[in-house]
Amino acid sequence: MDFAQLWDRVTAVQPALPNWLVWGTAAAALLAVAMRPVWRLSRTVVTIAHEGGHGVMALLTRRRLSGIRLHSDTSGLTVTSGRRTGPGLMLTFAAGYPAPSLLGLGGAALLGAGLTTALLWIGIALLAAMLLTLRNLFGVLAVLVTGGAIVAVCRYGSAEWQGAFAHLGVWFLLLAGARPVVELFSTRRRDGASGSDADQLAGLTGVPATAWMALFLVVALACLGLGAAWLLPR
């Protein structure tokens with residue numbers, strides 16, 4: 001297969017999923033977010049997106065990205081270097097919590113346009129790029145498993161299976177974007193300042209951490225509302 005054929009295949013418009021399957025993937029994603037035992041596992045995908053958001057923004061603001069770590073307790077750490085104040089550092093801290101929701105919104109836009117295959121291959125490319133930045137074994141395994149699942153669906157799944165898988169992933173990112181923010185509200189109310197992204201932003205800007213968390217939540221809910229409007233049958 002030459003490049004032109006590959007490009008045509010990746011950018012081909014796929015037929016819309018049956019309505020019941022769109023609703024079914026939304027329900028499955030909601031269960032993955034709402035059920036605590038499942039969330040303990042699925043939250044790793046959110047951490048991948050969260051830390052990836054930090055990493056991308058660090059590069060966009062010309063900070064040096066030293067590496068990313070993903071941990072089995074679903075926490076993560078992105079290490080950058082550069083100025084210790086200023087908009088670059090502020091944007092890098094601010095990019096983590098909105099990243100899953102914004103990725104979900106971008107995915108919803110592609111699915112709304114019928115570009116299922118393009119979405120899946122973009123996901124593979126992003127995970128492959130992130131793999132180069134990882135600095136611990138669990139992080140490598142988590143990204144390889146996630147990327148491997150997408151590759152397997154692209155390689156062996158029918159068009160309908162690919163569409164269902166893509167919808168499930170996008171719904172999950174849209175629905176899951178708000179839960180870590182709600183958990184952060186709960187943690188800060190119980191334990192006080194926690195050194196979170198919101199606390200770091202408060203120290204940099206003087207804007208209270210609760211205001212940053214409220215902004216993260218507004219972004220997550222706005223992405224969910226707009227993404228749902230693009231995905232749900234009319």
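Along the sequence shown, residues carry numbers from 1.
- Looking only at side-chain heavy atoms (C-beta outward), Arg64 and Thr80 stay at 4.5 Å or farther from each other.
- Heavy-atom minimum distance, Asp199 versus Ala209: OD1-CB, 3.7 Å.
- Using a distance-only test at 3.5 Å, with no hydrogens or angles considered, a donor-acceptor pair links the side chain of Asn136 to the main chain of Leu70.
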Test log, rule side chain to side chain contact (heavy atoms under 4.5 Å, CB included), inputs Leu127 and Thr146: CA-CA 8 Å; Leu127 289 169; Thr146 305; 3.9 Å; yes

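- To the nearest 0.5 angstrom, Ser196 atom OG is 8.0 Å from Phe216 atom CZ.
- Expressed to the nearest 0.5 Å, how far CG of Leu174 lies from CG of Leu221 amounts to 11.0 Å.
- Pairing each heavy atom of Gly139 with each of Leu134, the nearest pair is O-CD1, 3.3 Å.
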Intermediate values then yes/no, side chain to side chain contact (heavy atoms under 4.5 Å, CB included), Leu77 and Ile68: CA-CA 6 Å; Leu77 176 66; Ile68 295 174; over 6 Å; no

Stepwise salt bridge (charged side-chain N to carboxylate O under 4.0 Å, His left out) test for Arg43 and Glu183: CA-CA 12 Å; Arg43 197 183 195 284; Glu183 292 175 342; 3.2 Å; yes

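- Side-chain contact between Trp121 and Ile150 is absent, with no heavy atoms from C-beta onward closer than 4.5 Å.
- Using cut-offs of 30° and 60° on the angle between ring planes, the pair Tyr97 and His50 is perpendicular.
- Leu175 contributes atom CG, which lies 12.0 Å from atom SG of Cys223 (distance to the nearest 0.5 angstrom).
- From Ile48, atom CD1 reaches atom CG of Leu126 across 11.5 Å, with rounding to the nearest 0.5 Å.
- Under a 3.5 Å cut-off, the side chain of Gln14 and the backbone N or O of Thr116 do not form any donor-acceptor pair.
- Connection of Leu89 to Val207 is established within a shared hydrophobic cluster, with ILVMFWY side chains joined at heavy-atom distances below 4.5 Å, either directly or through further cluster members.
- Looking at Thr92, its side chain does come within 3.5 Å of a backbone N or O of Gly88 through a donor-acceptor pair.
- Summarising the local packing, CZ of Arg190 is surrounded by more than 12 heavy atoms from other residues, nucleotides or ligands at distances under 6.0 Å.
- Counting only distance, with no hydrogens or angles, the side chain of Arg63 and the backbone of Gly55 share no donor-acceptor pair below 3.5 Å.
- Cluster annotation: Leu115 and Trp161 are assigned to distinct hydrophobic clusters (Ile/Leu/Val/Met/Phe/Trp/Tyr, side-chain heavy-atom contacts under 4.5 Å, transitive).
- One N or O on the side chain of Thr47 and one on the backbone of Thr74 form a donor-acceptor pair closer than 3.5 Å.
- Both Trp171 and Leu21 belong to a common hydrophobic cluster when Ile, Leu, Val, Met, Phe, Trp and Tyr are linked at side-chain heavy-atom distances under 4.5 angstrom.
- Leu231 and Leu30 fall within the same hydrophobic cluster, where Ile, Leu, Val, Met, Phe, Trp and Tyr residues are linked whenever their side-chain heavy atoms come under 4.5 Å apart, directly or through other members.
- Closest approach of Gly177 and Pro100 over heavy atoms only: CA-CB, 4.5 Å.
- In plain terms, the two heavy atoms of Gly96 and Asp197 that are nearest each other are CA-OD2, 4.4 Å.
- Using a distance-only test at 3.5 Å, with no hydrogens or angles considered, a donor-acceptor pair links the side chain of Arg179 to the main chain of Val33.
- Of all non-hydrogen atoms in Val38 and Ala32, the two that sit nearest each other are CG1-CA, 3.7 Å.
- Cluster annotation: Phe165 and Trp230 are assigned to distinct hydrophobic clusters (Ile/Leu/Val/Met/Phe/Trp/Tyr, side-chain heavy-atom contacts under 4.5 Å, transitive).
- Taking the side chain as every heavy atom from C-beta outward, Trp39 and Val46 approach each other to under 4.5 Å.
- Checking Gln200 against Trp212 by side-chain atom types alone, no donor-acceptor pair falls below 3.5 Å.
- The number of heavy-atom neighbours closer than 6.0 Å to CH2 of Trp23, taken from other residues, nucleotides and ligands shown, is 12 or below.
- A donor-acceptor contact closer than 3.5 angstrom links the side chains of Thr78 and Glu51.
- In terms of heavy atoms, Pro180 sits closest to Ala176 at CD-O, 2.9 Å.
- Rounding to the nearest 0.5 Å gives a distance of 10.0 Å between CG of Leu224 and CG of Leu105.
- At a threshold of 4.5 Å between non-hydrogen side-chain atoms, the residues Glu160 and Pro18 count as touching.
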